[in-house]
Amino acid sequence: MDNFAQVVVDGLMNGAIYGLVAAGLSLIWGVMDVINFAHGEFLMAAMYACYWLGSLAGIDPTVSWIATGAFLFLLSAVAYKAVVRRCIGKAAMAPLLATFGLSIFLKNFCLNRFTPNFRLLNNTALSGKTVNIFGAIAPVPQLVTALFSLVVIAALYYLIKKTRTGWAIQATAMDAEAAELMGIDTERVFTLVFGLGGMCVGIAGGFMTGYLAVFPEVGTLFSLIAFVVVALGGFGSIPGALCAALLIGLVESFAGFYIAPVVKYVAVFALYLAVIMVRPKGLFGW
Amino acid sequence: MSGALLQISDISCYYGAMRAVEGVSIDVAEGEIVAIIGANGSGKSTVMKSVAGLVRPRNGGIKFGGEEITGTPANKIIYKGISYVPEGRRLFANLSVRENLELGAFREKDRRVIDERIEQAFALFPVLRERADQTAQTMSGGEQQMCAIARGLMSGPKLLMLDELSLGLMPSLVEKVLESVVEINKNGVTILLVEQMVQEALEIAARGYVIQVGRVVRQGTSEELLASDEVRRAYMGM
Ligand SMILES: Nc1ncnc2c1ncn2[C@@H]1O[C@H](COP(=O)(O)OP(=O)(O)O)[C@@H](O)[C@H]1O
Ligand SMILES: [Mg+2]
């Protein structure tokens, strides 16, 4: 029974974090029809930023997530202005290849500057603490990251659904020309959406650095899972992404515990293949 | 008409190499209802789009309230006091009626003004109050058209441009919608109207312009146009 609770808690904690990473990707896709292949490397950038803030300036991840969230908002908005915007309306593959190029650049930049070594912040404020949830032991850094991910996803959802800015974002996604006629500067909306997408991984990356090692490849697995989550959840749907992310987290942790650790991602991608063959628009897509 | 609110002077518009509008001049005085009529594909929407900033005229100029507005981007035009209700309504399909109206007043920051305008919209089209929380796509064509007009009014424009209101509506509804246009005009909004329902449009307009393959071929008061055999034969099937 304790094992079961542990597996569930582990799965949900990971799932919530996947949800936040995927929410950013899904938002950008939903509004702009652009798959941001550099999303995982943005996560990596946030983690490095948080790592350096911690190791050089002694700022704890429980605080530095604010800085990394803001940093990634800017980085992502600038990436849109400098790279992505120039490709939109050209060949269909252009934005995809451009963001792919950006991801290779970021990864190799960090490899070159920071070496491929794993870097882990020691003695963070929450490290070593655990709480007991129905017999499962949850490390506090992970738990806080997961809970905070849920809060950020909810805030993002609220922004999109309930505020005038959010309606402007939705309007731009539905009919950009009509949105322009309302006085909405759709270029600014696109920049904002890219910024928000980056901010999601900025916040996630900030918290995760409290317990995960940083290295140039760290974003790869997360972005792969985020793509699966977005596809399963139905492109562009934030609640869909959250449900799919929790499901993926659970599948991963159940397969890892009850079958074998080495098959956990096999199970995740097998689930993805199975669902996509039956429902190409995802579990929660239209 | 140098004191006109809207002055379109000799504009030509192209889509790539194809010329859609050639040397069109149209004046609209403050408080007027003016109709542009013409066959499908004759360039009516292009004229409106060039005022709305969606198409940039290659030659000629557009003035509004004496100010040069040629080439002003679409998202700035509404700030000048011009609102364009595009052909086919172009509502935000998955947003509610209320959210659509809110977006029509996107430039307005004062909450009280927005709420007041929403109330005015509901007074003009009571059915929208009932539908306020429904998504736009769940409404009938007539209701959607009313919502589109209401959304166009939310910015408190001086000039409202209405492109093919009657598209896909039953004749009885067309009459009702055009009646509301008259009411809007009485409240002080100048109207430029594009219509294929020529008789109905000219009945509410003071003046009209007839466009054929991108050129104004005739202009005059509605009485003159309605009395013209040429217009009656070409556009009213008589
Ligand atoms: N976006 C566009 N791209 C290319 N050609 C267009 C476009 N919009 C309109 N046209 C062409 O321009 C001409 C005028 O169109 P339009 O102004 O829509 O006419 P109307 O509103 O009178 O039906 C037509 O020949 C039409 O095919
Ligand atoms: Mg037209």
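Predicted, not measured: the structure shown is a model, and the values here were computed from it. In what follows, chains carry the letters A, B, and so on, assigned in the order in which the sequence lines appear, proteins first and then strands, with residues in each chain numbered from 1. Atom set for the values below is all heavy atoms of this structure, side chains included, hydrogens, waters and symmetry mates excluded.
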Query raised in the report: Under a 4.5 Å heavy-atom cut-off, does chain B meet the side chain of A:Met182, its backbone, both or neither?
Result: both
Report summary line: Between A:Leu181 and B:Ala52 the two heavy atoms that sit nearest each other are CD2-CB, 4.0 Å
Query raised in the report: Taking all non-hydrogen atoms of both residues, which atom of A:Ala168 and which atom of B:Phe106 are closest, and how far apart?
Result: CB-CE1, 3.7 Å
Show me the donor-acceptor pairs under 3.5 Å between chain B and chain A.
unit_1	atom_1	unit_2	atom_2	d
B:Asn75	N	A:Glu180	OE1	3.4
B:Asn75	ND2	A:Glu180	OE1	3.0
B:Asn75	ND2	A:Glu180	OE2	3.4
B:Tyr79	OH	A:Gly183	O	3.3
B:Arg90	NE	A:Asp175	OD2	2.6
B:Arg90	NH2	A:Asp175	OD1	3.1
B:Arg90	NH2	A:Glu177	OE1	3.0
B:Glu99	OE2	A:Trp167	NE1	3.3
B:Glu102	OE1	A:Arg164	NH1	2.6
B:Ala105	O	A:Arg164	NH2	2.9
B:Phe106	O	A:Arg164	NH2	3.4
B:Glu108	O	A:Arg164	NH2	3.1

Report task. Under the side-chain contact (heavy atoms from CB on, under 4.5 Å) rule, collect the residues that match up with B:Ser140, sequence neighbours excluded. Result -> B:Glu143
Query raised in the report: At a heavy-atom separation under 4.5 Å, does B:Ile77 approach chain A through its side chain, its backbone, both, or neither?
Result: neither
Query raised in the report: Between B:Ile78 and A:Gly183, which heavy-atom pair has the shortest distance, and what is it?
Result: CG2-CA, 3.5 Å
Report task. Could you pull out all residues at least two apart from B:Glu119 that satisfy salt bridge (charged side-chain N to carboxylate O under 4.0 Å, His left out)? Result -> B:Arg129
Query raised in the report: Who pairs with B:Ser42 by side-chain hydrogen bond (donor to acceptor under 3.5 Å, both in side chains), at least two apart in sequence or on another chain?
Result: none
Query raised in the report: More than 12 heavy atoms of other residues, nucleotides or ligands under 6.0 Å from CD of B:Glu30: is that the case?
Result: no
